[in-house]
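Single-structure report; data block below.
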Amino acid sequence: MTLTDAPFTDAGVPMTEGAGSVPWPLVALVHLQAGILILDAAGKVVFVNEWFLKRCGMAADALVGHQLTEVFDRPATASFARRLALSQKTGFPAMLSHSLHAPPLPLYMPHLIGHAAAILSQSVHIIPMGKWTAQRHDQAYTLVQVTDVTPTVRRESLLRTRADEMELMARVDALTGIGNRRAFSESLDTEVRAAMRTGTPLGLLMMDIDYFKPYNDHYGHPAGDRCLREVATMLQRVVRRPRDRLARYGGEEFVVLLPGTPVDGVLEVGREVIEQMRKLRLPHLARQGGDIVTLSVGAASIVPKHIDEAGTLLRKADDALYEAKAAGRDRLCYAPTVKTDPSVV
Amino acid sequence: MKLDELALDALTELFNLGVGQAASAFSQIAGDTVQLTVPRVRIMTHGELSHYLGEGGTTAVSAVRQRYSGAINSEAVLMFPAERGLQLVQMMVGGELPLDQLAEMEQEALSEIGNILLNSVMASVADALQIQLDGSLPTVELSHVDSVLNGQHEAGGAVLMIDIQFEVAAREVKGLLAFLLDVASQDALEQLIARFVAGA
């Protein structure tokens, strides 16, 4: 029995039952849950299995005995044709991976044959069998094996989307939607290195809501959360340059990293922050020295020479913030001399 | 294994022919010019290989392996530093996202890249030397250089080593091609090359 007539009845239909005359390994190919095509040396289809027929929506006799290049309405891709020809010439097996090619063959989800969106993601192997078949049979046959990788592709794309989302979420403060402390630490590290390379100043503002604990005690935590969101929104309005980095540093503490900004510029942004905070006129009846929510702000700017100076910059701004608190709050102080800026007192 | 300058030149030329075929196949896939450069074929014994690799032997690599048999038996391996294998796939598909892991589909794409390159080189050699070779389908290994090269290396065997560089749109990835030969295949190759050089 030759390969050409083995798995088919006279009508060219694959035999799936009563296969008494068919060698059993070929019956297994009929039932295999992957696509199998066998081509003769001239490129004619001599065998196609059920999996393949179901996914191209055709009957066996439409394929068997015909040139593969002529059987489909939407023919196999040019890269498939080239790879098949080369493989038949060299005798070396070849493959077409999903990532590097459009789907090589017109195979679809069985209930949506012909729908462009339902075309299967395919991994195709082309295996010339000349070494075995040319000796025992009349000619060199080639096996084409198709694996449906659609579920794998979908799973990987889903995982990738989720990973990107989580990557993003890990850097965002859930309450205010601005950067969190981790995002700030990463930016600080990046910007210190950039400032070292370019010899430019790196500015920092540290801001703290005045009398926030009494605010929470008096108005309740939901109101405290609203207050934090209002402050964050106001800061987003003030901090506008694309490389400036605003983040919530702790409970009621915010930071703004200002690349390429000398002391003067940092103080200017600091004054604007205090001014805009006052303009919001958020009532705060549980505090001393006023009746609205205000901010204390510490400013610093350095030209770093070493990566460790990230810590120096933080400490200077923090010292200045402490100074602003000690001097009566609702004001801006700056390092290194830690003087109160009289213009906003 | 003894191959004189002339024989090495001839072998380098055959490899370059194959690599050129592969480059045009890659350019079709990438939709952009893919340049492949191969400086020179070097031959090393097992011992020389370990010395040559030195600490580089512990480098993590993505390797694509195929086996060829016939007049010459050879394990053929294409390898890249682990993190560069993925970059190569992204260069081919024009992707930008840096990912730290070789996912299943990228691994499959890397198999194909290895399959194209190794088959082109071996087809060029087989064609010029007029020999019949059978080839296997590719397998991908994520391992260290040492275990990729020495795992199935016979004592007394030789390795043909070729540095290879992929370039697409000003991005480049450097890799290594290695053909591991057993003793019998070394003799066969020596004779075949000698005949080829004499005939040329």
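Convention: sequence-line order gives letters A, B, ...; per-chain numbering from 1.
Salt bridge absent: A:Arg171 and A:Glu165 never bring a charged side-chain N and a carboxylate O closer than 4.0 Å. Look at B:Asp9 and B:Arg40 and you find a salt bridge, because one of the NZ, NE, NH1 or NH2 atoms lies within 4.0 Å of a carboxylate O, short of that distance. With respect to the salt-bridge test (charged N to carboxylate O, under 4.0 angstrom), the residues A:Glu191 and A:Arg193 do not qualify.
Here B:Ile29 is the residue among B:Ile29, B:Ile116, B:Asp127 with the most heavy-atom pairs under 4.5 Å with chain A. Counting heavy-atom pairs closer than 4.5 Å to chain A, the top residue among B:Met105, B:Glu108, B:Glu112 is B:Glu112. By number of non-hydrogen pairs under 4.5 angstrom with chain B, the leading residue of A:Thr90, A:Ile126, A:Leu100 is A:Leu100. Comparing A:Lys89, A:Arg82, A:His125 by heavy-atom pairs within less than 4.5 Å of chain B, the highest count is held by A:Arg82.
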Please evaluate residues B:Glu172 and B:Lys174 with respect to the criterion salt bridge (Lys or Arg N to Asp or Glu O under 4.0 Å), reporting the C-alpha separation (whole Å), side-chain torsions for both, the decisive distance (0.1 Å), and the verdict.
CA-CA 7 Å; B:Glu172 57 167 60; B:Lys174 289 191 172 87; 3.2 Å; yes
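Classified by interplanar angle (parallel below 30°, tilted 30° to 60°, perpendicular above 60°), the ring pair B:Phe166/B:Phe26 is tilted.
Heavy atoms of B:Ser136 lying under 4.5 Å from chain A belong exclusively to its backbone. Of the atoms belonging to B:Gln28, it is side-chain heavy atoms, and not backbone ones, that fall under 4.5 Å from chain A. Residue A:His101 touches chain B through its side chain alone, counting heavy-atom pairs closer than 4.5 Å. For a residue to count as touching a neighbouring chain, one of its non-hydrogen atoms must lie under 4.5 Å from one of that chain's; by this rule B:Asn119 touches chain A with backbone and side chain alike. A:Ser123 touches chain B through backbone and side chain together, each having a heavy atom under 4.5 Å away. For a residue to count as touching a neighbouring chain, one of its non-hydrogen atoms must lie under 4.5 Å from one of that chain's; by this rule B:Leu118 does not touch chain A.
Ring centers of B:Phe15 and B:Phe179: under 6.0 Å apart, within the cut-off.
Within 6.0 Å of atom CD in B:Glu13, 12 or fewer heavy atoms from other residues, nucleotides or ligands are found, so the atom counts as exposed in its surroundings.
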